[in-house]
Every structure is written in structure tokens, then in C-alpha cells.
Amino acid sequence: MNTAQIIQAEHDFLAPTYTRPPFVLNSGKGCYLEDTDGKRYLDTGAGIAVNALGYGDDSLARAMQQSAIGLIHTSNLYYNEPQIQLAQMLVKNSFADKVFFANSGTEANEAAIKFARKFQVENGNPDRKDIIAFYGSFHGRTMGALALTDSEKYQAPFRPLMPGVTFAEFNDMASVRHKISKHTAAIIIEPIQGESGIHLATTAFLQNLRQLCTDQGILLICDEVQCGLGRTGKLWAHQHASITPDLMTIAKPLAAGLPLGAVLMIDQVASAMHTSEHGTTFGGGPFVCSVALHVLQRLCDPKFLSHVQTTGEDLMTKLKQLQSPLLKEVRGMGLMIGVELTIDVGKVKKLAYEQGLILIQARDNVLRLIPPLIWGKAETEALLNRLTGLLIPELIAIEQNGRQP
Ligand SMILES: Cc1ncc(COP(=O)(O)O)c(C=O)c1O
């Protein structure tokens, strides 16, 4: 099929849940992607924070080939060595004692909801069912995770959702205290909110939240699906605040684009769950876990993490120096950076595609930079050159009002 045929077939055969730009990506190397017409794009989205190791990585490809020689799937009815090795490695490199594998970030959050409720039941608090989430949150699209997601647009057509969810103001302890009741089982927070436009929880807020949860017998769940696994320059985003949660959900880069999510938890939570109380056919299969072992080994490497930190700091500094009246604020940590503009980012995104730059958006006016973590100085320079040429009000006005014939 040629490019036009693929785009037509997408309209004909796929449910219209996405609006896609008019090109078809089919290969990549490093931080660059190439489309079916041979056009190259610098990628600042990494498949929405998934492709940490970039594209065309030879040792990842070898690890995948090697893993594919072994068993692909056995189900969770049987022992599976790669799954156990991966769990061991996650435990060794985190606060957690135990792991449950799922297939995505959303499913990890669904599992975390059940684990939190079950913990309360087993500890003599069966009336503690409720969960506090935060304004600006995103936790997924299924009926539990969606209930925790602060978006009228995403929620409205699908109600009724899971009951018992209230939202508190991000970075506001008074608001959290106000929302807590004797029915609160858990509080779920993204240490850095991604979908709402890169908003960082402050160290003081995370520390106070941790203390409050401990004092009140409430479980603290960190959703690190987007901000975890090295993206901030530490393996876990909560480490920047020197706290540990009781549960943490992860996914995106864990198996380099193969579907894998996980819930990491302390022993007391894990021991509240018994056989058959939760499960999944695919979650944590031998093939995907074997690939994830390779990925995790590389992400845990202190040199890799310090590269993310220094590259991220350099990129942030340079973005802050950009001169454009369209630029409102640059914020973030590591390679998770939001560039807030005074205009709708959609127009910039369209122009960027033409110039060989893939940008992704958070809310209407934030460019969300979540590139491959192998991003380097050359990519920063290439990005800044392109952004300098893009963030020109006249150019955006032309895009907005229609091109001249
Ligand atoms: C913080 C956070 N939680 C959960 C999810 C849902 O993950 P998934 O799309 O893998 O189901 C996302 C996805 O963007 C996310 O950013």
C-alpha cells in the first residue's frame, strides 16, 4: 500500500478514536523517525514516553530475537522464570517488596485500586473504599482508572464510572485534608502530571502527603506510568522527594513498546491479596518480561540516568532562553518538559511536521517534550533550531488564518 492508500484504509477500517497527521511512519534510528515517503522527523514524543531507548537499537533487537526463541506465552497458571527475574530486579531497584504484572498503565492502575481496597478490607476497614485523586490527573481510560482521571470530556459520555472518587487540588494539603473522610482507602498521585501539561508535585507536598497517609492508615499510590523508569533522571520520580509510596504503577517504557505494566507494592499490600482475587491472561508473559529485563538493566545504569539528568537540564536551560512572544513557561524535570505557549499548540504541531519535527501536545497550549532518553546535545540543537523557526507569531497567524494561495 502507498501512503494515500494506508490513510484511506485507516478511515475505512478503524474506529475513529484518533485524528492522525497525514504521514505514515515506517522506520527509525536513534531519535529520528522516517515516513513512507522518505521524510525524516526528529521525535520529541517517543511514542508517548515509551521508546526510551530510541529507534533501531541493535542490542534491544538482539534481546528481542533471543527472547523470541524462548516461550512467548504460558499464562499465569505456571511459573515463568523471566517474570520472576524481572520482579526481582524491580524489587531490588525500588521501595517495593512484591510485583504484579499487567498489560498497560491503565490495567496497572485498575489493579492498584483493587489492591488498595483489599488491603483495607483485610485490615478491618471494609468501609474504606474511596480514593482521592488530583485535579489535572490522568490515570487511564477504563471505568476505574477513568474515574480517577480529571477530565469532563473523557468521563462525561461514559458515566456511571466507579463511585467513591474525589479530587483534591494538586500541591495543596488543605484541599487534601478537606477531601479525606473515614471512607478514604488511598490517595493516587502522579509525582509529575503528564497529560495535564507537565506539572510537578513539590517536594514538601509529596512529603506531607506521605506523612498524612501514614498517620491516617491511607495508602499512597504513585502513578509513575509516564514519569517513572528514568524519565526524570532518577529511576523513580518520587525519589526526588525522598519519599516512598505504598504502591506504584508503571508501564510505558518497561518493555520498549511491547505491552507491559506493573504494580509495585509493599508486603502488607501484597499479603492482602489471595489466589484468584486478581489476574490476567497475558500480563507478565515470558517473552515480554525477558525483553523488559534487558530494558530495565539499561535504564537502571547510573550512567544512563545521569545522562538523562544532564541532557534534560541542558535542554531546559536552552528552552528557557528561547526568544518568542508565544512562549509562556518552560517547566519539567529530566526529559519530561512542558513548554507552555500563549496559543493553541495544534497550529505549531502542524507546521512542525512540515519541518520534520514531531511534537506532542498536552491540553491545548503545552508542548510536551518526552523524547527518547538517549537524546543528546545534537538533538537539543536540532530541536532548538526548529523551534526558533517555528515560534514566530506571523507564521502561526498565517497557519491560523489559512495559507495564502
Ligand atoms: C500517568 C499515566 N497513567 C496511566 C496511563 C495509562 O497508561 P496506558 O495508556 O498504558 O494504559 C497514562 C498514559 O498516558 C499515564 O500517562
Side-chain angles (χ1 to χ4, degrees), residues 17-18 44-52 100-116 131-151 153-155 158 161-162 165 167 170 186-201 206 220-232 235-238 240 245 247-264 280 282-285 288 291-292 295 332-338 359-363 366-371 373:
T17 55
Y18 288 92
T44 67
I48 324 183
V50 168
N51 302 317
F100 176 86
F101 289 107
N103 303 293
S104 65
T106 302
E107 279 181 66
N109 283 330
E110 289 291 333
I113 295 167
K114 288 178 71 177
F115 292 179
I131 302 194
I132 296 176
F134 288 92
Y135 291 114
S137 62
F138 183 88
H139 298 292
R141 310 269 197 165
T142 53
M143 292 308 184
L146 182 57
L148 303 173
T149 293
D150 170 36
S151 167
K153 182 175 147 201
Y154 293 165
Q155 285 194 353
F158 307 108
L161 305 172
M162 178 182 76
V165 178
F167 291 93
F170 197 61
I187 296 179
I188 184 163
I189 185 165
E190 296 159 80
I192 302 182
Q193 289 186 337
E195 301 292 312
S196 75
I198 316 294
H199 293 102
L200 283 72
L206 286 172
L220 179 62
I221 308 171
C222 280
D223 178 342
E224 298 222 8
V225 169
Q226 192 162 153
C227 62
L229 285 163
R231 180 140 298 276
T232 63
L235 193 58
W236 313 118
H238 65 260
H240 294 279
L247 299 101
M248 173 171 69
T249 53
I250 60 172
K252 291 191 182 277
L254 183 55
L258 300 179
L260 183 62
V263 187
L264 279 64
T280 158
F282 293 118
V288 73
V291 173
V295 176
M333 196 182 267
L335 285 168
M336 185 167 186
I337 300 175
L359 293 173
I360 63 174
Q361 171 171 7
R363 297 283 159 97
V366 181
L367 295 174
R368 183 165 37 137
L369 305 178
I370 40 175
L373 300 182

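Just follow the structure's listing: the first ligand is 1, and inside any ligand the first atom is 1.
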query: Is it the case that Thr232 and His240 place a side-chain donor and acceptor less than 3.5 Å from each other?
result: yes

query: How close does the nearest protein non-hydrogen atom get to atom 16 (O) of ligand 1, and which residue and atom is it?
result: Gln226 NE2, 2.7 Å

- request: Could you verify whether a donor N or O on one side chain and an acceptor N or O on the other, from Thr249 and Asn109, lie under 3.5 Å apart?
  value: yes

- request: Kindly say whether Gly105 contributes a backbone atom to a donor-acceptor pair with the side chain of Lys252 at under 3.5 angstrom?
  value: no

message: List ligand 1 atoms under 4.0 Å from Ser104, heavy atoms only on the residue side.
response: 10 (O), 11 (O)

- request: Please check if the side chain of Glu110 supplies one atom and the backbone of Gly144 the other of a donor-acceptor pair under 3.5 Å.
  value: yes

- prompt: When rounded to the nearest 0.5 angstrom, what distance separates CG in Asp150 from OG in Ser196?
  reply: 8.5 Å

- prompt: When you look at Glu195 and Arg363, which way does the salt bridge (charged side-chain N to carboxylate O under 4.0 Å, His left out) test go after all the steps?
  reply: CA-CA 7 Å; Glu195 301 292 312; Arg363 297 283 159 97; over 6 Å; no

- prompt: Quick one: nearest non-hydrogen protein atom to atom 6 (C) of ligand 1, plus distance?
  reply: Thr106 OG1, 3.5 Å

task: Would you please say whether a donor-acceptor pair under 3.5 Å links the side chains of Arg141 and Gln155?
output: no

- prompt: Is ligand 1 under 4.0 Å from a heavy atom in the side chain of Lys252, in the backbone, in both, or in neither?
  reply: side chain

- prompt: Does Asn109 come within less than 4.0 angstrom of ligand 1, counting non-hydrogen atoms of the residue?
  reply: yes

- request: Please state which part of Arg141 comes within less than 4.0 Å of ligand 1, counting heavy atoms only: side chain, backbone, both or neither.
  value: neither

statement: closest protein heavy atom to atom 3 (N) of ligand 1 is Asp223 OD2, 2.7 Å

query: Which atoms from ligand 1 have a heavy atom of His139 less than 4.0 Å away?
result: 3 (N), 4 (C)

message: What I want to know is whether Glu190 and ligand 1 share at least one N or O pair that is separated by under 3.5 angstrom.
response: no

query: What do you reckon, does Gly105 have a nitrogen or oxygen under 3.5 Å from a nitrogen or oxygen of ligand 1?
result: yes

